[in-house]
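Before any comments, here is the structure.
Only this structure's heavy atoms are used, side chains among them; waters, hydrogens and symmetry mates stay out. Quantities reported herein were computed from a predicted structural model and do not represent experimental measurements. Order of listing sets the numbers, starting from 1, for every ligand and every atom in it.
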Amino acid sequence: MCGIVGVAGAQPVVDRLVEGLKRLEYRGYDSAGLAVLEKGMIERRRAEGKIINLEAELQQAPVDGVFGIAHTRWATHGRPSTQNAHPHAAGPVAIVHNGIIENYRELRDDLIAAGHSFESETDSEVIAHSIWYEIQAGKAMKDAFFGTLQRLKGAFAVAAVYEGEPDRVYAAREGSPLVVGLAETETFIGSDALALAGWTRQVIYLEEGDWCIAQPGSVEVFDAAGVAVERDVQISNAVPGFADKGEYRHFMEKEIHEQPDAIGRTLSHYIDPETQTFSIPDIGWNTASRLALTACGTAFYAGLVGKYWFEALARIPVEADIASEFRYREPVLSPSDRALFISQSGETADTLAALRYCKAQGAQTLGVVNVPESSIARECDETAFTYAGPEIGVASTKAFTAQLTALACIAAGAARARGQIDAETEAELTKALLATPRKIGEALELESQIATIASELTTKRDVLYL
Ligand code: GLU
């Protein structure tokens with residue numbers, strides 16, 4: 001769920017595409033690639049691992065062009081490899097994609113039946129094939145692109161180039177952010193304004209469902225219904241090297257909107273969408289007699305939700321404790337007990353002390369942690385990471401929902417290991433969870449209505465939740 005850069009340029013773009021990708025590196029990624037229109041033909045270069053590997057590839061086999069798209073990938077569907085790295089191509093079409101296409105299997109099956117063959121394990125490749133399919137059926141690129149968007153289900157951002165129209169870059173967003181940067185003779189596309197910092201400060205933040213056609217120095221924007229719309233041009237203050245609030249008023253608001261990405265990324269580590277199965281750290285779930293769940297603050301609330309899932313799905317009795325209480329009350333634990341610790345930082349002192357206590361009692365331990373190099377991650381027998389990225393806002397948002405995501409996967413995986421659910425239920429649960437990034441995106445669409453209700457509520461003393 002990582003980075004997109006696109007340039008409809010007047011000058012050579014390869015170095016700038018790479019530079020834009022470097023500015024998006026902070027989001028994390030496992031491979032990188034780009035496609036440019038060289039003399040009207042798509043040329044792709046891709047590499048697993050760091051951007052430096054892509055640069056080496058480009059040195060070996062240089063490409064040149066003034067129109068291009070580029071991508072850093074953080075795999076959700078298919079392992080990190082050059083083959084799975086973006087851009088993906090079908091005939092004269094190349095695309096880059098961030099996010100998840102939920103219905104990629106159905107779309108891929110249809111396209112295979114129509115004679116298309118796929119070369120990657122990604123969900124993304126269907127986008128290129130679907131556009132190419134529509135063009136072959138006689139549609140103009142604009143209609144093929146829009147037609148494809150209408151068929152995609154999920155949270156995503158996409159950019160595309162087509163050899164038949166070598167003077168433009170197509171882009172769209174639905175659930176994942178996308179920014180258009182405007183300059184006099186060039187137009188840019190980026191996952192955030194930071195990607196474009198240095199090239200232009202004039203940006204348009206595309207709205208949900210928007211798509212656009214970028215040409216040098218101009219852009220046409222359309223809404224989800226395909227109607228041409230005007231979007232405000234704003235002045236971005238993004239400075240490379242600094243965390244950027246983008247279009248948001250504060251980091252907490254930005255992080256609320258990063259939840260579809262954070263959750264999608266976390267899900268991708270515990271769900272195999274091809275086999276529709278969970279794959280979770282094993283701490284001997286099938287022989288566990290009890291689960292001691294320990295955390296502090298917000299992470300403890302995530303644990304309370306997790307308790308419901310472990311009990312209802314996996315049928316494991318759960319005791320949830322606040323770590324500061326747990327460590328001082330000398331709870332009784334046996335080797336058949338399992339202990340689970342939740343902490344965003346992985347350094348919460350009371351949670352760490354509780355972990356050490358449980359280990360001393362011989363219980364197998366599992367940490368749900370956001371920071372890989374943290375003490376809790378290092379000391380637990382097994383760790384299930386959350387992939388929320390850094391959280392700057394004080395009130396937890398995406399770190400909390402990413403914890404819930406990991407807990408839901410672990411509870412479902414444990415249920416399967418204990419024979420409490422069958423393969424069919426497991427497949428249903430994977431599907432339902434993979435739909436959450438999109439559904440959260442839909443809930444975030446209600447922001448202005450929520451703001452109205454919130455301002456009404458500020459003057460009330462009590463609220464009753466049903
Ligand atoms: N789901 C796509 C993949 O696995 C895109 C991942 C991303 O957002 O980087 O290739």
Does the pair Glu165/Arg168 count as a salt bridge with the N-to-O cut at 4.0 Å?
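Arg168 and Glu165: salt-bridged.
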So is Arg265 close enough to ligand 1, meaning a heavy atom under 4.0 angstrom away?
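Contact absent.
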Within the structure, is a non-hydrogen atom of Ser124 found at a distance of less than 4.0 Å from ligand 1?
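A heavy atom of Ser124 does come that close to ligand 1.
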Within the 6.0 Å centroid threshold, strictly below: Trp74 and Tyr29
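Here the rings of Tyr29 and Trp74 have centres that are no less than 6.0 Å from each other.
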Given Arg151, which partner from the list Glu134, Glu174, Glu106 fulfils the salt bridge (Lys or Arg N to Asp or Glu O under 4.0 Å) test?
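Result for salt bridge (Lys or Arg N to Asp or Glu O under 4.0 Å) with Arg151: Glu134.
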Can you name the atoms of ligand 1, numbered from 1 with element, that are less than 4.0 Å from a heavy atom of Trp74?
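Answer for ligand 1: 6 (C), 7 (C), 9 (O).
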Numbering as shown, the atoms of ligand 1 that approach His71 to under 4.0 Å (heavy-atom distance):
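Those atoms are 9 (O).
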Regarding ligand 1, does Gly99 bring an N or O atom to under 3.5 Å of one of the ligand's N or O atoms?
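Yes, Gly99 has an N/O under 3.5 Å of an N/O on ligand 1.
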Between Asp123, Ile127, Thr122, flag the one that comes closest to atom 2 (C) of ligand 1 by a heavy atom.
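Minimum heavy-atom distance to atom 2 (C) of ligand 1 goes to Asp123.
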Give a yes/no verdict on a cation-pi contact between Arg23 and Trp199, requiring under 6.0 Å between NZ or CZ and the six-membered ring centre and an angle within 45° of the axis.
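Because its charged atom sits under 6.0 Å from the ring centre and within 45° of the axis, Arg23 does stack over Trp199.
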Heavy-atom closest contact (Thr122 atom, Tyr104 atom, distance):
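Shortest heavy-atom contact: O-CD1, 4.3 Å.
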